[in-house]
2 protein chains.
Amino acid sequence: MAEPNAVGWVDAPPTTSSRRQRVRAATEEEIRCTARRLLVAHGPEGMTLRAIARDMGMTAPALYRYVDSHADLLVLVTVDVYDELRAAMEAARDALPDDDPAGRLLAVSRAFRGWALQHPPEFGLVFTQPIVSLLKPTESELEGAAQRFGLVFGELFAAVLARYRSPLPAVAELDPAYVAQLEAVDADKVAGMPVGARYLFVTAWVRLYGCVCMEVFGHLGWAVQDSAPVFEDALRDIAARMGIAKQYRPPGA
Amino acid sequence: MAEPNAVGWVDAPPTTSSRRQRVRAATEEEIRCTARRLLVAHGPEGMTLRAIARDMGMTAPALYRYVDSHADLLVLVTVDVYDELRAAMEAARDALPDDDPAGRLLAVSRAFRGWALQHPPEFGLVFTQPIVSLLKPTESELEGAAQRFGLVFGELFAAVLARYRSPLPAVAELDPAYVAQLEAVDADKVAGMPVGARYLFVTAWVRLYGCVCMEVFGHLGWAVQDSAPVFEDALRDIAARMGIAKQYRPPGA
DNA sequence: CACCGACGCGAACGTCGTTCACTGACGGGA
DNA sequence: TCCCGTCAGTGAACGACGTTCGCGTCGGTG
């Protein structure tokens, strides 16, 4: 996003990008933003190529200069949503001091839940893809976005375990087949955690995800009307498993 | 499903239903079955009114004699899927003796997971509805199906807790707001369990659901290729929380 | 200046959900 | 027996969708 300088011009970008490339990039972004806006306004089925084009003062076929197909556009938007969710979580994290990883982990978890509850359509789009095993080139971008998102949790998780010297579960207690797979995970995907920590991380993430998923999709309505206590209970239990039960604080700081 | 008898006739049904009503009911069921088949064959977007009608040798507008709208049809199919899933779980339950509720609970849980992994489109249809808060009359039927489904778990859960006199969490330890809501749940929705048991039930169900959801949607691929150990670990932990850690048995019986 | 490639448009195809007027058959009452 | 009302089913149509194609029309390049 080049900002106009004092004279009102826009600084010339590095010569690597011509003017053509710049306006093209701008249009690409406008497409993604418009799609994103339609998603939040009218749900996933409102995100049609024709509606996006209409909103931009264009016609639908023109969008095919920028997007391979409608499915392709969904991937683009999914990546954007991933990044926005991650930004919200990072903001919650950075609002707390660096030397309080436990508090930060709680804040990030609550930010994840809060964002999901405030953006059900986007959450559904990102976390409920049926079988999108498309070999498309954009898929790697999606995986990248998912990994960046997961790392916000992962790094904090690792920081907490290290800071409080949390007792890790004995590897011998776990299913060897499970351990073998956890050992095979790329270290950069899991912030260099030892196997016991990776196990704790997967367990915790599954719990958070399951909890938020049920809340967003209204599958807890039969039991509770306000599902916040269910989430907080899961959070406290995760803290206990990480050996930082004392560091748990209720949402009100 | 009336079966032809030895003479080849079909026994006359109770006179309460006229011939017209019978063929209508048959058509209704054919519609649901065809929709169901298209769902498993071509995914949710293959479940088109026109495709269903085509498959039945009819035209799409004719379906409107039986269904209010396409959304209505989705609800009908969802109810069917709920019932089929429940049947699979009940079959797994009844394969074990009545006096082994712990074994039955494990079997039912695994049946739930197995069915979900074998039927991803149906699972997605049932457990991932965005905001279907339609006040339609069919909604009550959906809630009924969901409740019948949940009761398979709930009754077994209650049976296990009673059988093994499981220690329930102290109500004083829980968030009062949480407890109050759990107390307000209809007793028939929760098999008459005390509040501590209801809490355990919600916790366990959220874990199972989260685990299966992530497996079905492929959100565990970054960590493990075979996610069975993740599920079994959750199962074992649930058993431990129920005070029946000793009753846990790995899948191979 | 002339060229060429990128961009956007309009028209079109086939699909979808949905509505409408119409037809035909079936069944109960005279 | 006939007869009429109810209801299943049809074909045409509307608007919207994703997608393809051919045509103009610019802007940057030689």
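The figures here come from the full heavy-atom set of this structure, side chains too, leaving out hydrogens, waters and symmetry mates. Numbered from 1 within each chain, the chains take letters A, B, ... in sequence-line order.
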Let me know the distance between [atom1] of [X] and [atom2] of [N], rounded to the nearest Å.
X: D72(A); N: dT19(D); atom1: CG; atom2: C1'; result: 14 Å
X: L49(A); N: dG14(C); atom1: CG; atom2: P; result: 20 Å
X: H42(B); N: dC16(C); atom1: NE2; atom2: P; result: 12 Å
X: L38(B); N: dC16(C); atom1: CG; atom2: C1'; result: 14 Å
X: E45(B); N: dC17(D); atom1: CD; atom2: C1'; result: 14 Å
X: I31(A); N: dG8(C); atom1: CD1; atom2: C1'; result: 12 Å
X: D68(B); N: dT19(C); atom1: CG; atom2: P; result: 10 Å
X: R22(A); N: dA6(C); atom1: CZ; atom2: P; result: 18 Å

The contact string for nucleotides 5-15 of chain D, one letter per nucleotide 5' to 3', using protein heavy atoms under 4.0 Å with B, S and - for base, sugar-phosphate only and none, comes out as -BSBBBBBB--

Ring-plane angle category for Y209(A) and H219(B), please: parallel below 30°, perpendicular beyond 60°, tilted otherwise.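 Rings of Y209(A) and H219(B): tilted, 30 to 60°.
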
Report task. Return the orientation label for the W205(B) and F149(B) ring planes: parallel under 30°, perpendicular over 60°, tilted otherwise. Result -> perpendicular

| task | Using a 4.5 Å cut-off on heavy atoms from C-beta on, say whether the side chain of R113(B) contacts that of L235(B). | result |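 Not touching, per the 4.5 Å side-chain cut-off.
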
**Asked** Can you tell if the side chain of L76(A) reaches within under 4.5 Å of the side chain of I31(A), non-hydrogen atoms only?
**Response**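 Counting from C-beta outward, L76(A) and I31(A) never come under 4.5 Å.
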
| field | Check: Y66(B) main-chain N/O paired with E28(B) side-chain donor or acceptor under 3.5 Å | value | no

Should the pair R32(A)-D80(A) be classified as a salt bridge under the 4.0 Å nitrogen-to-oxygen rule?
->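 So R32(A) pairs with D80(A) through a salt bridge.
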
Determine: side-chain N/O of R54(A) to OP1/OP2 of dC9(C), distance under 4.0 Å, yes or no.
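No, no such contact exists.
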
